[in-house]
Amino acid sequence: MAVATRKTDIGPPNYKQFLPPIIQKNYGKWAYHEIPEPGVMVHVAESGDKLYTVRAGTPRLLAITTIRAFADLADRYCDGYIRWTSRHNVEFLLTDPSKIPALKKDLEELGFPVGGTGNAISSIVHTQGWVHCHSAATDASGVVKSLMDELFPHFVNMDLPAKLRVAFACCLNMCGAVHCSDIAVLGVHTRAPTIDHDELPKVCEVPTLVSSCPTGAIRPATVDGNASVEIEEEQCMYCGNCYTVCPSVKINNAETDGISIWVGGKVSNARSEPKFSKLAIPYLPNNPPRWPEVVEAVVNIVNVYAQNARKHERLGEWIDRIGWPRFFELTGIPFTKYHIDDFKHAGETYKRSVQLKH
Amino acid sequence: MSEKNRATPLLDELEKGPWPSFVKEIKKESERPMVRDLLGLLERSYEEHIGHWKHGGLVGVMGYGGGVIGRYSDLPEEFPEIAEFHTYRVNQPSAWFYTSDALRTLCDIWDRHGSGLTNMHGSTGDIIFLGSKTEALEPCFADLTEAGFDLGGSGSDVRTPSCCVGPARCEWACYDTLEACYDITQTYQDELHRPAFPYKYKFKFAGCPNDCVASIARSDMSVIGTWKDNIQIDQEQVREYAAGGTDIEAEICEMCPTGCITWNGEQLVIDNSECVKCMHCINVMPRALKPGKERGATILIGAKAPIIGGALLSSVFVPFLEMEPPYEDLKELAEAIWDFWGEYGKNRERVGEFIQRVGLGNFLEEIGLDPVPEMVAHPRTNPYIFFDEELEEDEDE
Amino acid sequence: MSQPTVEEVADAMYDLVKATHGKKNLKAMDLTKAMIEKFGDDAVDKKLCKLAIRQLIDSGRCIYSYFGGSFITLPPDEDSGG
């Protein structure tokens, strides 16, 4: 049978074949590193060998034309060795520092800025949005591009109190786990799905659809003689899983979908323990192609943080020190009932002391 | 319809500005009819403020239940070239290292079979090939495996493990994240390609508590490097930092979460018995301070994004584990979890949610681990304790 | 008690998938539990069921599907509309 001749389960190629000789030689024997200029790192091995890394930002969505251009640069400057970071930055690995200026110039001519190191805003980790996702409440790449055009000085400089991690997800499923970022920008659906009762019986299996709902909000129902479903709207949390299973249950809504902003999360254990991002702004309009309201809101938070936080203090640590009332006061963001948790264990997020600033 | 380029005035706005433009990237491949239709569809989304994709749950390569995400346009007549526009997840090499030859091989394969558009990389870590017709799935997969690449995970399976740059280029790596990631990925190829779990199971390997792969936020099994002994200090280098402008008292001693560091202008003294390995002092003075020599990892379990029962961070499962190949202890733990959660977990229930439902105490008993105080922020505050029967009998006697 | 072969377990699994098609989606563990119930836990175990599922899928009789979680189902061309 055909299956027997197919090659399967080989797994990824072994990483060892992709490591440059200087890394193979000094693997696990690095002594320290420094950041001589934004976007450039030097790692010094115990042997004295020096590895130079030039980091450039990318839009994550890359054409093979661009990847081939990167491969050519890797050949020209790095004996063909190249890597990516966990935040979509591309890194060129050099042993000869005299080549760095020419590489930087080539990268910038190709349109890829060098930066994202140290106390900077690195590339925004993000999802697919309208480019490819079925449940996206907004586009991802477009919002990210609009944001990074304005936050650009913080990518190519290292002028913030600490590193600032921005992440974007296009619906509240939060693919990419944006929920622990200094600033998380999150597309939101705000209404239960609408149902196309004429189409539904033709394209969907009702039992599958009913069982897809994590909160049990979908029930079989006969509508105008068709075997369809009804949705208990109060139970719906807009996850869109029903739409995944059945395209006749439409979660996307051009009128009511929007964007929310969350702040103060981190994954690093440095100083304070890792923490979730908390709601700063519950809803901003979905306004392509440049999302001016979202960009303005994020830039404001970054600016207020940059002016007020102490050196090494992450955004969430700064808020922990000054308190949430002062965060809302300094940023001018209105505090609403939507900021108060009403999911399970919400009480643990209420203020339960009289330690207040008046 | 897909013969010529449509006008895309809204998308064109996003070609302006200093940050690299995804629109420019898409247009670089616009000699392809698929990509022209993608531009048209995306422009439509920008006009209408709504997406135009549908999920398809039945496509894949033969024999695998993961690695391909089915995607269909809801405007197939208008944009026929992207009526089917599926995604491949191609398992990345550890820590995303490549040679230019390997990249060109991948580009050539994707040139032949799909849109020529990629994500470098997807959120989980895979190389994403964006936009394939159904008929191209098998031939593309054959070319990939011929070139030594395989698909990653999707659905209710082991998801593609990922790791930080680790010992390849970081002085803080407390174990070999690249090798652990590769070994685990190779060991669990069957679990990765043939979904048999209640829901996804993610491994992420971070070399130190800075956790550059966000494992504590998003992996069911977070393996985070740490050490047991003393932070290594080069006093000469500490004095250099002080001379160079670092305010040791304010930036190091006062920011240490346990206040276990003192500085008298000459010597930095760390009370290592109080150190919680947060990395702050080491991050600020990498030339002077280094993690200790007795290295391994803390194993944490149960992180997830919000769906369904709210987001969770991983919590401590094994405070310290040596991380040497072939990682038998780690594998034993993972397999014990899969056995228990696999049998009793509900569809779409991540292991973190499962633990909340059955209780961490019961979970530990099933897995065969003893409870230790490192596992909790504090002991319980509610008195509703469910005692074991043996204990009750003991008390009756 | 005689142990069923991998083929026999795969056949029984296929019958179950067919019988529940359109009514209930089955995961790999649902099939495994059903087989252990049918043949007895002294005759089949998780390992044997895993082999049977592999055979079921590799032969093309069933495919994996994703409907918010992975399931094992009939291929679309045996379905009415697909």
Side-chain angles (χ1 to χ4, degrees), chain A residues 3 7 9-13 15 18-19 23 27-28 30-33 43 58-65 67-68 71 74-75 80 82-84 86 111-112 130 134 136 141-142 145 148-149 152 173-177 179-180 214 239 244 247 252 254 267-271 274 286 288-289 343, chain B residues 10 13-14 17-20 22 25 28-29 45-46 48-51 53-55 91 93-94 96-100 103-104 107 110 116 118-120 123 145 148 150 167-169 171 178 185-186 189 209-211 213-214 216-218 255 257 278-280 283 286-287 305-308 311 313:
Chain A
V3 173
K7 209 185 262 188
D9 299 282
I10 59 170
Y15 60 94
F18 301 135
L19 301 177
I23 286 183
Y27 196 86
W30 298 100
Y32 65 92
H33 77 279
H43 286 82
T58 83
R60 181 173 96 133
L61 195 164
L62 292 179
I64 53 174
T65 304
I67 299 173
R68 285 172 172 147
D75 282 345
I82 182 170
R83 75 174 288 265
W84 266 262
S86 57
F112 297 92
W130 289 335
H134 64 291
S141 304
K145 162 75 174 150
M148 284 309 288
D149 277 341
F152 191 77
N173 288 316
M174 292 195 185
C175 295
H179 56 272
C180 294
C239 73
T244 302
N252 299 323
V267 293
S268 158
N269 284 269
R271 299 167 305 282
N286 206 3
F343 203 51
Chain B
L10 294 172
E13 279 299 310
L14 291 165
W19 188 250
F22 72 102
E25 290 299 314
K28 283 176 188 173
E29 303 304 323
S45 285
Y46 271 63
E48 298 174 351
H49 298 197
I50 199 161
W53 296 106
K54 297 191 294 183
H55 181 78
N91 199 145
S94 281
W96 303 287
F97 279 95
Y98 299 93
T99 55
S100 50
L103 285 182
R104 288 192 189 99
C107 289
W110 195 223
T118 75
N119 289 150
M120 297 295 274
S123 297
T145 51
D150 200 344
R169 199 200 53 197
E171 64 269 28
L178 289 80
T185 309
Q186 289 293 350
Q189 282 293 294
N210 284 325
D211 196 2
V213 284
I216 203 166
R218 58 199 188 123
M255 295 193 98
C278 87
M279 292 295 294
H280 172 72
N283 290 342
R287 291 185 77 144
I307 194 85
I308 300 166
L313 293 173

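The sequence lines fix the lettering, A, B, ..., with proteins before strands; numbering per chain opens at 1.
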Shortest non-hydrogen separation from [X] to [Y] and the atoms involved:
{"X": "Asp149(A)", "Y": "Trp19(B)", "result": "OD1-N, 2.8 Å"}
{"X": "Pro59(A)", "Y": "Glu25(B)", "result": "CG-CG, 3.9 Å"}
{"X": "Gly148(B)", "Y": "Ile10(A)", "result": "C-CD1, 3.7 Å"}
{"X": "Tyr32(A)", "Y": "Arg287(B)", "result": "OH-NH2, 3.1 Å"}
{"X": "Ile216(B)", "Y": "Val267(A)", "result": "CG2-O, 3.8 Å"}
{"X": "Ala63(A)", "Y": "Glu29(B)", "result": "CB-OE2, 3.2 Å"}

Next item on the list: Go through Met120(B) and Ile67(A) one step at a time and tell me if the side-chain contact (heavy atoms from CB on, under 4.5 Å) criterion holds.
Entry: CA-CA 9 Å; Met120(B) 297 295 274; Ile67(A) 299 173; 4.0 Å; yes
Note to self: Pair Trp96(B), Ser86(A) - check side-chain contact (heavy atoms from CB on, under 4.5 Å), show working.
What the structure shows: CA-CA 8 Å; Trp96(B) 303 287; Ser86(A) 57; 3.8 Å; yes
Report the option among [options] that has the most heavy-atom pairs separated by less than 4.5 Å from atoms of chain B.
{"options": "Cys239(A), Pro214(A), Cys175(A)", "answer": "Pro214(A)"}
{"options": "Gly142(A), Gly111(A), Ala74(A)", "answer": "Gly142(A)"}
{"options": "Thr65(A), Leu62(A), Thr244(A), Thr58(A)", "answer": "Leu62(A)"}
{"options": "Asn252(A), Asn173(A), Asn286(A), Asp75(A)", "answer": "Asp75(A)"}
{"options": "Phe112(A), Trp30(A), Trp130(A)", "answer": "Trp130(A)"}
{"options": "Met148(A), Arg60(A), Arg68(A)", "answer": "Arg60(A)"}

State whether the side chain of [X] and the backbone N or O of [Y] hold a donor-acceptor pair below 3.5 Å, judged by distance alone.
{"X": "Asn269(A)", "Y": "Cys278(B)", "value": "no"}
{"X": "His280(B)", "Y": "Arg271(A)", "value": "no"}
{"X": "Asn91(B)", "Y": "Gly11(A)", "value": "no"}
{"X": "Gln186(B)", "Y": "Pro12(A)", "value": "yes"}
{"X": "Glu48(B)", "Y": "Ala254(A)", "value": "no"}
{"X": "Glu171(B)", "Y": "Gly28(A)", "value": "no"}
{"X": "Thr99(B)", "Y": "Gly80(A)", "value": "no"}

Starting at [atom1] of [X], measure out to [atom2] of [Y] and round the result to the nearest 0.5 Å.
{"X": "Asp9(A)", "Y": "Thr145(B)", "atom1": "CG", "atom2": "OG1", "value": "10.5 Å"}
{"X": "Arg169(B)", "Y": "Leu19(A)", "atom1": "CZ", "atom2": "CG", "value": "11.5 Å"}
{"X": "Ser268(A)", "Y": "Asn283(B)", "atom1": "OG", "atom2": "CG", "value": "6.5 Å"}

Notebook entry, point to check: Any side-chain heavy atom of Leu313(B) within less than 4.5 Å of one from Cys180(A)?
Noted result: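 Touching, per the 4.5 Å side-chain cut-off.
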Greatest number of heavy atom pairs closer than 4.5 Å to chain A - which of [options]:
{"options": "Gly116(B), Pro93(B), Gly51(B)", "answer": "Gly116(B)"}
{"options": "Arg104(B), Glu13(B), Met255(B), Met279(B)", "answer": "Arg104(B)"}
{"options": "Pro306(B), Ala311(B), Ala217(B), Ala168(B)", "answer": "Ala168(B)"}
{"options": "Ser123(B), Cys107(B), Pro257(B), Ala305(B)", "answer": "Cys107(B)"}
{"options": "Leu10(B), Asn210(B), Leu178(B)", "answer": "Leu178(B)"}

Notebook entry, point to check: chain B heavy atoms under 4.5 Å from His179(A): which part of the residue, side chain, backbone, both or neither?
Noted result: side chain
Checklist line | Residue part contacting chain B, namely of Tyr27(A), when any heavy atom lies under 4.5 Å | finding: both
Next item on the list: Under 4.5 Å heavy-atom distance to chain A, tell me which part of Asn119(B) shows up: side chain, backbone, both or neither.
Entry: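 Contact with chain A is through both the backbone and side chain of Asn119(B).
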Next item on the list: Against chain A, label Ser45(B) side chain, backbone, both or neither, depending on which of its atoms sit under 4.5 Å from a heavy atom there.
Entry: both
Check: In terms of ring plane angle, is the pair Tyr98(B) and Trp84(A) parallel, tilted or perpendicular, where the classes change at 30° and 60°?
Finding: perpendicular
